[in-house]
Every structure is written in C-alpha cells, then in structure tokens.
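One structure is given below, encoded as structure tokens.
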Amino acid sequence: MKKAGVIFMACLLLSGCQNEHDSFPEEDTVTIANSGDRENFDRLDRFLQSFQQQNPDHIKVIFYTTEGDPIYQDLEFDGQAIKSVYDSREDQYGSGEVIETICADFKALETGDKPDYILTGCENKDYETEFIRVQ
C-alpha cells in the first residue's frame, strides 16, 4: 500500500511539471520559425474567417527565435473580442513576461505574396502591433 502511495505522488509531481503549452491541440497550433519555416499556417486564415463570421475560435501560435526559443501567442475569440496572451517566459533573451490584453479587431493586410496579421483596438495600446509579419 505504501508503494502505491509513492507511485501516486510521483505521478502527481510529474504531471505538475508538464508544460502548459504541450496540452494544446496540434491541429489548432501554428508554428513559425525565425528561418521562415512554418507549419499549419492556414489555421490563421481559418481563425480570421471565424472572427469575421463572429464564431468563437481558439488558436495558439508558436514563434521560434533565432536561438530556437519558443514564444507563445494564445488567441481566444469569444464571438465578440479576442483575448490575447503573449508568453515569452521561455525566451532566454526576451522579456520573460506574460502579457494579456483584449483586442477588438484581427485582420490580414496584403503586403506582397503573404499577408501580415495584426491585432488592433487592444486595451493595452503598447501591445497593438503586428501580430505576424511573414518574411
């Protein structure tokens, strides 16, 4: 019985150490590397379409820095506004902070052969910037 308790405690400790970003569905995750490589990029277009049709949606974008560190951007649209959570805690050269804000608009601006995605109408005006610039 004592052995079962030790195993149970070990499982609890291990599950507590799991990265919160690992549990997000892969099909709703967009990955963009500093090199320009990207995976599941069309998911951004589907998120934009959901936003335009006022259908709730939720995606996560992972940007990889030159050094390979992930920066996470979580976008959750509830049908009215977008909650954005920018998490740079794993970027060794970044600010290491989590910034949350609510934004009213999300759009794609055509700037050549690939769009730039931007968030605007954000509560945190310092945060109102290009969301993704595709190189």
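When a residue number appears, it is its place in the shown sequence, counting from 1. All heavy atoms count here, side chains included; hydrogens, waters and symmetry mates do not. Because the structure is a prediction, the values reported are computed rather than measured.
- Across every non-hydrogen atom of Asn40 and Thr29, the tightest pair is ND2-O, 3.0 Å.
- For Gln53, the side chain to side chain contact (heavy atoms under 4.5 Å, CB included) partners are Gln49, Asn55, not counting sequence neighbours.
- Under the salt bridge (charged side-chain N to carboxylate O under 4.0 Å, His left out) criterion, Asp42 pairs with Arg46, sequence neighbours left out.
- The distance from atom CD1 of Ile102 to atom SG of Cys122, rounded to the nearest 0.5 Å, is 9.0 Å.
- For Asp105, the salt bridge (charged side-chain N to carboxylate O under 4.0 Å, His left out) test picks out Lys107, with sequence neighbours left out.
- Residues Leu44 and Val61 meet the side-chain proximity criterion, which asks for heavy atoms closer than 4.5 Å.
- Here the CD1 atom belonging to Ile62 is positioned 16.0 Å from the CZ atom belonging to Arg38, to the nearest 0.5 angstrom.
- For Tyr72 and Tyr86, the ring centers are positioned 6.0 Å apart or more.
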Steps toward side-chain contact (heavy atoms from CB on, under 4.5 Å) verdict (Leu109, Ile118): CA-CA 8 Å; Leu109 299 176; Ile118 60 171; 3.7 Å; yes
Stepwise side-chain contact (heavy atoms from CB on, under 4.5 Å) test for Asp74 and Ser84: CA-CA 6 Å; Asp74 190 80; Ser84 173; over 6 Å; no
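- The distance from the CG atom of Asp91 to the CD atom of Glu97 is 11.0 Å, given to the nearest 0.5 Å.
- With sequence neighbours excluded, the residues that form a side-chain hydrogen bond (donor to acceptor under 3.5 Å, both in side chains) with Asp45 are Tyr117.
- Evaluation of the salt bridge (charged side-chain N to carboxylate O under 4.0 Å, His left out) rule for Glu100 yields Lys83 as partners, not counting sequence neighbours.
- Under the side-chain hydrogen bond (donor to acceptor under 3.5 Å, both in side chains) criterion, Asp57 pairs with Arg43, Ser50, sequence neighbours left out.
- Distance check, rounded to the nearest 0.5 Å: CG of Asp87 to CD1 of Ile71 gives 9.5 Å.
- Listed by chain and residue number, nothing satisfies the side-chain hydrogen bond (donor to acceptor under 3.5 Å, both in side chains) test with Gln80 (two or more places apart in sequence, or in another chain).
- Listed by chain and number, the residues in a ring-ring contact (aromatic ring centres under 6.0 Å, His included) with Tyr64 amount to none (sequence neighbours excluded).
- Contact between Phe106 and Leu48 at its shortest, heavy atoms only, is O-CD1, 3.3 Å.
- Put simply, NZ on Lys60 and CD on Glu76 are 10.0 Å apart, with the number rounded to the nearest 0.5 Å.
- Side-chain contact between Gln73 and Ile99 is absent, with no heavy atoms from C-beta onward closer than 4.5 Å.
- Nearest heavy atoms, Arg89 versus Gly96: CG-O, 3.6 Å.
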Could you check Thr65 against Tyr93 for side-chain contact (heavy atoms from CB on, under 4.5 Å), going step by step and ending with a plain yes or no? CA-CA 9 Å; Thr65 65; Tyr93 296 108; over 6 Å; no
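- Closest non-hydrogen pair, Asn124 versus Thr101, comes out as N-OG1, 3.0 Å.
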Test side-chain contact (heavy atoms from CB on, under 4.5 Å) on His58 and Phe77 and set out the steps. CA-CA 6 Å; His58 190 186; Phe77 180 59; over 6 Å; no
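- A 4.5 Å side-chain heavy-atom check between Ile32 and Phe41 finds at least one atom pair inside the cut-off.
- Applying the side-chain hydrogen bond (donor to acceptor under 3.5 Å, both in side chains) test to Ser88 and every residue at least two apart in sequence or in another chain returns Ser95.
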